[in-house]
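Encoded as structure tokens, the structure appears first; notes follow it.
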Amino acid sequence: MKFIRATSQFVIVTVVFSATARADAVSKQNFAAKIGYCQDCHGVSGQGYRGFYPIPRLAGQQTEYLENQLRAFVEHRRTNNVMFNVAHNLSPAMIRALATNFRHFNPRPLGGAPKNLVTAGKKIFEDGVPDANIVACAACHGPDAVGKNEFPRLAGQIYPYVVKTLTNWTSERGQIPGKPDTSAVMQPVVHSLTKSQIEAVAAYVSYLQ
Amino acid sequence: MERRQWGAGLLHTRSGRSSRFDRAEFQRKWFVVPSFFGLILSVSIITALTVGLGQSAQALPSFARQTGQPCGTCHTDFPGLTPFGRLFKLNGYTTGGGKFRTTLFPSQDDATNALAAYAKKFGGGQDSAKPGQSDTSNIWVPPISMMAIVGYTHTQADQPASSPYKPNNNVVVAPLSFFYGGAITDQVGAFAQVTYNNAAFGGSAPGAFNPDPCANCEWSWDNIDVRYANTGRLGNMDVIYGISANNNPTVQDPWNTTPAWGFPYAGSTIAPGPAAATLIDGTYAAYVGGVGGYAFINNLVYLELTGYRTLNFKTLPKLGLDPLGAAPFQNLAPYWRVAIEPHWGNHWLEFGAFGIAASVHPFTGATDVNGFAINQTFPQTDRFTDVAFDSQYQYQGPNYWITFRGTYIHENQKLNASFNNGLSANPTNTLNTLKAYGSFAYGNDNRIVFSGQYFETRGSSDPTLYAALNSCQPPDTTCNPNSNGYIAEIAYIPFSSSSAPVWPWANVRVALQYTYYNKFDGTSLNAHSNNTLFLHAWLAM
Amino acid sequence: MAGRGRQHTQNSARRGLPIVGLQLASQAAILTIAFTTAGRAEDAVSKHDLQAKMTYCKTCHGSSGQGLRAYYSIPRLAGQQPEYLTNQLRAFAERRRTNNIMFNVAHVLTPAMQKALVTDFHELNPRPLGGAPKDLVEAGKKIYEEGISGADIPPCASCHGPDAKGNEQFPRLAGQLHDYIFSKLKNWTKERGQNPKEPDISAMMEPIAHGLTEPQIKAVAAYVSYLE
Amino acid sequence: MSVICSETFQRSFEVKGVKARIMKLTRSRLAILVISFAAVFPRAGHAESLAIRNCTWCHGVSAQGYNPAPGLAGQRREYIQSQLRNFSEHTRDNPFSQLYMWGATANLSPATAHDLAIYFSTLPPQAADDGYRALEEKGKAIYQLGMPDANTAACVVCHGPNAEGVGEIPRLGGLAYTYLKRRLEQWGQGYHATAKPPMPGIASKLSVEQIEALASYLSFVK
């Protein structure tokens, strides 16, 4: 089992490595180790893991979004001391290489969200809730929630993570008032979303392949 | 697991209280196979017999069937106990979990339902598993086991020939025992042993007991320990407590530092052994009955108090024992036991003390008109007070056990009866025995055990009491009971794990034991002639 | 890879905007308050609802209506002609202009709310996002002011005004996202005039959009995207 | 309880000159003994089912653990169930698992396993407190933050701030130092390899000192 994981990692690394022309001082060997480190929590193919804290899926995530989040952790704009600890000694080159690496994964989503919420979630995702001033998520995240540039992919994101993130958005993101970041866009949305709406949307996106 | 010393009927060969009866005279072979080849033959027959039984068994097979655990869980240097083995004993032989149910009167059903109800209440029952087959429906198997020791004995010098044995190199199947071992109800369990022995007592010799009521009854009851056990809380400490009824002081003790379960576990029934032994050292095994309570608090402190009484003259032969084998107590003999066992990491260190105090009416030795001894004892009593200190250290490695044990028994004898009736030269005597033992048991599956012991008995000399001993035959006049020497043993247990074909139905422990005497019964003069090599196969079904 | 590069720089540029956006939003809010108190006593649109609805629109159209490049590039509303915005909202609601998301937004808006919104956005004037290739601006300016005689494309300025601020039903183009303009002109008929029975003003642009070639569209788009 | 050895036992009675009463006392002592034991120790308060006692035999009367058997009190219900399944399917093949637990679970019905899991998960756990205090701080750092440069993930993410575990992820708080140390080392030696990732991967990166520090810290967690 361990051998297979190592070879697949190596293959990806070489592909990624050649792709990131600008990845300067990132030696192949400690890059692979660092990838293994991310995989320990985020899952072998980055599919996410339901630990005590739900650990998000990284597979297929927008590279720019990942880079932004890693920098946000380092600059404490997004507070999570485990991730700060993970990211604070990463070189920019390594951050870029890591962010690119997960783009190529596309495992089946973990699923497990309550199925009865999916239809309601789909409606909110695609049409928003106009009279409650809830914007259609599709506007920024795209119709099939794959995201773009700094707008994160939501498709396949694990259900408890989306619920937790939307429920306490402001307690983790945009923590430096002086330096607002892209997370500010979501503030009004999460502010007006009710708990059931959050669960519905989370359920819907969690099943998107 | 029988202590061979009292398997020989009247006089347990390891040491005799009163040595008036010559051991050889009472030997009678059950079946003796003349040569070494015979040993192999009988071993293979018995093994074939057991293998044919289908599944495999071990430890006390009925325990294995009841718990489903391999030998290695409870035994280090078989039958020496691991901490879990001790806990099993303290829990009254009732815990189970194996494929078979041996409990006679299980209260299993309502207990399982209680657990299920508890689970439903607390578990919220969202994912309550389908009510599959509950444990009570597995096959019920009577908790009966049997054991046989087929032994080849070779002593350095030939022993005085006593039919049916040759002077040396005899192969003997003794003892052969049947056990009831397992739970009777959920809280009460028993370890009861009945032994058939080829060294039956009785015979034509003058002064011997008239065996008439059971002329050749060679069956005798052996170690019996019936317990009620339960667990509870005392403050915030766990307690395992219970009441044990048994017939051999220290048979109920969880540690193997006490005489009943001390090393050597199996010895040749026809090999010579030092005569003197303290009262608690097996002298009254199976001659007494006792009830007592025990408690093991916080897996640390063990306390026990039991009162023993000797069985009356008439019931002893019915139980297959020579009533003259041990003198009756005057009244209740209290036995006490205190031990502390700190446990940290893989280490267990036990140290404790135990003792017994008994007033004994020795037999007068009078005989009836046709020369058979009668039940007559002296009015005065001999007061024996035993105090012993023991300690054990056990370490569990990944697949081995290291065990060190030490036992020192000090006996104080106030021989008012014996002294005033000319049975002993001194009014008071002391007798101390010391045992230091170490063993290394390797391998969880099939297990190899290397063990060694230094033993020493030392006591005050008494020309009358020890008249029969070697140290009292002129020109030697020291007449002291001192003996010391070493025992070394290598044992191999092939079917110790559950993967073995015969587990849990049968098992065999092949062992080679060598006893070396430095001093024997007071003198080192030809003490070496008693050195014994005992190659035996211990079969348990 | 080059595309990403440009994206990258714009990304950092954009990060600066929100601060500006926040201040502007608060000014706009004050403005609207002043505006409503100054006696425009149409049917009452509570300030709170308006505020909420404005935030709602700004979530996608940028914190001060400057436009947002999300999955789609979302157009700038700041400084847009109120009448044009109202027409478009009605077109969405009546599905003459098909956009599912905007349909959902539009069909719940009361006329009063629409009026208040379009007025608010008209007041906003953030710096344009820009980001179009600078070398095309020159050509774009030429097409914007003189049109393309060969393909009988009239100058855009004729309807949208010399500074592309537009008037009444003609939309402001100044500062609009260049990729938005490009995608709209490229697929003009895919989204507008979808109800043949009710032709609307969008029909006017149809021949122009059809006549313009891609480079020409890119040039014009680049030119107007930098206009303040 | 003072050590009663037979001589003092004897002398104390004679000294009080109550020799006559010895007989009565000794005969009645048995009776006192029996009653006192039954009274003093109240029953465990719920139907002590034999299935439970098959576990508490080795895991301690109140399932707080008795090395090498780990504490079960307060362990996560799904974790107990999944491990019982692993034992019966022999996928958890650590040496002691093979020796003790394979036999113990060979005849355990799923229903009983489920009920046992719920029962033990409701018992209040007590910390084993047998680690090295000196290593506690170092262990806590590894647990809470992991070691990024050594690419070791932070355990808190899956096992929770008080190491209470969730779902099939086990409680680690309060388990015995020796047990934790052995289990972490055995992950590295390739035992229980078929377990779901990430444990085999993470544990095999841990050095001996890190394991000892972690095990020490966890043994003190309440």
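Chain identifiers are assigned alphabetically (A, B, ...) following the order of the sequence lines, protein sequences preceding nucleic acid strands; residue numbering begins at 1 within each chain.
In the displayed structure, A:Lys179 atom NZ is contacted under 6.0 Å by more than 12 heavy atoms of other residues, nucleotides or ligands. The environment of A:Gln29 atom CD is sparse: at most 12 non-hydrogen atoms of other residues, nucleotides or ligands sit within 6.0 angstrom. Within 6.0 Å of NE2 in C:His107 there are more than 12 heavy atoms belonging to other residues, nucleotides or ligands.
From C:Thr59, atom OG1 reaches atom CG of A:Asn133 across 8.5 Å, with rounding to the nearest 0.5 Å.
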Would A:Lys148 and C:Tyr71 count as a side-chain contact (heavy atoms from CB on, under 4.5 Å) here? Give the steps.
CA-CA 5 Å; A:Lys148 191 169 178 207; C:Tyr71 184 77; 4.1 Å; yes

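Across A:Ala136, A:Cys140, A:Gly128, A:Ala138, the residue that shares the most heavy-atom pairs under 4.5 angstrom with chain C is A:Cys140. Per-residue counts of heavy-atom pairs under 4.5 Å with chain A were compared for C:Thr55, C:Ile74, C:Asn100; the largest is that of C:Asn100. With chain C as partner, the option from A:Val129, A:Ile134, A:Val185 having the largest number of non-hydrogen pairs under 4.5 angstrom is A:Ile134.
Considering only heavy atoms from C-beta on, C:Ile101 stays 4.5 Å or farther from A:Asp127 through its side chain. Using a 4.5 Å cut-off on side-chain heavy atoms (C-beta onward), A:Pro130 and C:Asn104 make contact. Side chains of A:Pro143 and C:Tyr72 form a contact here, defined as non-hydrogen atoms less than 4.5 Å apart.
Between A:Asp131 and C:Val108, the closest heavy-atom pair is N-CG2, 4.3 Å. Pairing each heavy atom of C:Ala70 with each of A:Ala139, the nearest pair is CB-O, 3.9 Å. Across every non-hydrogen atom of C:Arg69 and A:Glu150, the tightest pair is O-OE2, 4.3 Å.
Taking non-hydrogen atoms and a 4.5 Å limit, the residue list of residues 187-194 of chain A in contact with chain C, ordered by number, reads A:Pro188, A:Val189.
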